[in-house]
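Down below is the structure, laid out as structure tokens.
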Amino acid sequence: MDWAKERRCCLGRVALVPTMGALHVGHLSLIELARMQADEVVVSLFVNPTQFGEVSDLTSYPKTLEQDKARCEALGVDVLFAPSADRVYAPDASVWIDEEQLSRGLCGGSRPGHFRGVCTIVLKLFNWVQPDLAVFGEKDAQQLRIIERMVRDLNIAVEIVRGEIVRESDGLAMSSRNQRLSKVARADAVVIYEAIELAKKWVEQGERSTEVLMQGVRDRLARVPSLIVDYVVVVDDVTLEPVEQLGSSALLAIAVKLESVRLIDNSVLRLG
Ligand code: PAF
């Protein structure tokens, strides 16, 4: 990317916001965060095939390029980088980035190869754009921690900035996948947020057993019979290993399917 070479001499601090498009208010908040911390903002828009297991999940991923462009323009994004798949991967590509610890459980357990695809594309984007910082949303808690680990372990000179989860007015975490839900499923999906809020309340009231918390969350989710739970876990916020008793900070993470749409959400459970 010639632009990246030029920026090294002439532009100030550059931020990258990697996305797969179908931009929603959650993405826009990441772009605004990038704008606050950098002189130039690059948004990448690429539906990365190597991080999808099921072909149907990839083909049904919403694509709204014209709308995305308009939103980026309105927010003063300097560069929109939307390469085609054949430019991104050589047909005989054979080098991949594998994170071996944090990606074992949670989404990594249910979506084998997913984080290999994510890490590889993120590193490729870093190499192309050469940003000073990159912004990732906290909704994808495991992804965020894996990318932070990749940056640490591979000595990548990019600062990772965390963007808070943005929620709809009823609490559902914003996601491009939400638009694939029917009206009924969309209304049902709020149960995920309700379950998280309940868990936080139980912690405030003194509950420390993660088994009790996880069971309480599963019970709440079971109020929607059509909802299929992939996982409900409370893990150490740094190692993502299961914990039995709440320590200073643990991560409650949930993944479910509603009408075959995969939804994830999480919250850090803090004591006191
Ligand atoms: O979070 C996403 O949208 C994707 O996983 C990312 C980071 C853009 C990589 O394709």
Side-chain angles (χ1 to χ4, degrees), residues 15-34 41-55 57-65 67-69 71-72 77 79-89 93 96-99 102-103 106-108 110-131 133-151 154 156 158-166 173-180 240 253 255 261-266:
L16 170 66
V17 184
T19 81
M20 296 205 296
L23 302 183
H24 51 69
V25 177
H27 291 115
L28 305 189
S29 78
L30 301 181
I31 296 172
E32 276 161 4
L33 191 55
V41 176
V42 181
V43 172
S44 66
L45 199 158
F46 178 62
V47 184
N48 175 33
T50 65
Q51 69 187 77
F52 287 85
E54 293 165 31
V55 178
D57 199 22
L58 172 62
T59 49
S60 59
Y61 201 85
K63 291 168 193 79
T64 56
L65 183 59
Q67 190 182 303
D68 293 346
K69 274 188 192 163
R71 291 195 158 161
C72 285
V77 167
V79 178
L80 182 60
F81 180 47
S84 57
D86 56 343
R87 274 198 61 200
V88 173
Y89 291 105
W96 304 91
I97 303 295
D98 261 317
E99 193 287 327
L102 304 178
S103 42
L106 288 80
C107 292
S110 341
R111 304 180 71 189
H114 170 68
F115 288 115
R116 179 191 210 234
V118 170
C119 286
T120 304
I121 189 64
V122 169
L123 184 58
K124 283 164 84 73
L125 290 167
F126 286 177
N127 285 337
W128 261 310
V129 177
Q130 300 181 23
L133 65 109
V135 186
F136 293 86
E138 286 185 335
K139 183 173 79 69
D140 296 289
Q142 187 178 18
Q143 167 174 286
L144 179 55
R145 285 154 183 77
I146 290 171
I147 289 167
E148 287 171 344
R149 179 66 64 92
M150 174 176 84
V151 163
L154 299 183
I156 300 169
V158 176
E159 180 194 343
I160 304 301
V161 175
R162 294 181 172 201
E164 277 178 18
I165 298 179
V166 180
M174 295 223 176
S175 163
S176 307
R177 292 171 196 263
N178 293 353
Q179 39 180 297
R180 284 169 52 201
L240 301 186
V261 178
R262 189 181 167 81
L263 301 173
I264 58 172
D265 203 344
N266 69 83

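One-based numbering, in listed order, for ligands and for the atoms of each. Computed from a predicted structure; not experimentally measured.
- Within the listing of ligand 1, atoms 8 (C) sit less than 4.0 angstrom from a heavy atom of T19.
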Residues R162, E148; criterion salt bridge (Lys or Arg N to Asp or Glu O under 4.0 Å); working and verdict: CA-CA 10 Å; R162 294 181 172 201; E148 287 171 344; 2.9 Å; yes
Please walk me through it: do N48 and Y89 pass side chain to side chain donor-acceptor pair (under 3.5 Å)? CA-CA 10 Å; N48 175 33; Y89 291 105; 2.7 Å; yes
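- Closest to atom 2 (C) of ligand 1, if we only count protein heavy atoms, is Q143 NE2, 3.9 Å.
- Heavy-atom contacts from other residues, nucleotides or ligands closer than 6.0 Å to CD of E159 number more than 12.
- Within the 4.0 Å heavy-atom criterion, neither part of I147 lies near ligand 1.
- For F126, the ring-ring contact (aromatic ring centres under 6.0 Å, His included) test picks out no residue, with sequence neighbours left out.
- Remark: R180 engages D57 in a salt bridge (Lys or Arg N to Asp or Glu O under 4.0 Å) (not counting sequence neighbours).
- Looking only at protein heavy atoms, the nearest one to atom 3 (O) of ligand 1 is M20 CG, 3.6 Å.
- Close contacts of ligand 1 with P18, meaning ligand atoms under 4.0 Å from a residue heavy atom, involve 8 (C).
- If you number the atoms of ligand 1 from 1 as listed, the ones under 4.0 Å from a heavy atom of I121 come out as 9 (C), 10 (O).
- Of the protein's non-hydrogen atoms, the one nearest atom 4 (C) of ligand 1 is Q51 NE2, 3.7 Å.
- Inclusion of N48 in the set of residues having an N or O under 3.5 Å from an N or O of ligand 1 is not warranted.
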Derivation and outcome, side-chain contact (heavy atoms from CB on, under 4.5 Å), residues S29 and M174: CA-CA 11 Å; S29 78; M174 295 223 176; over 6 Å; no
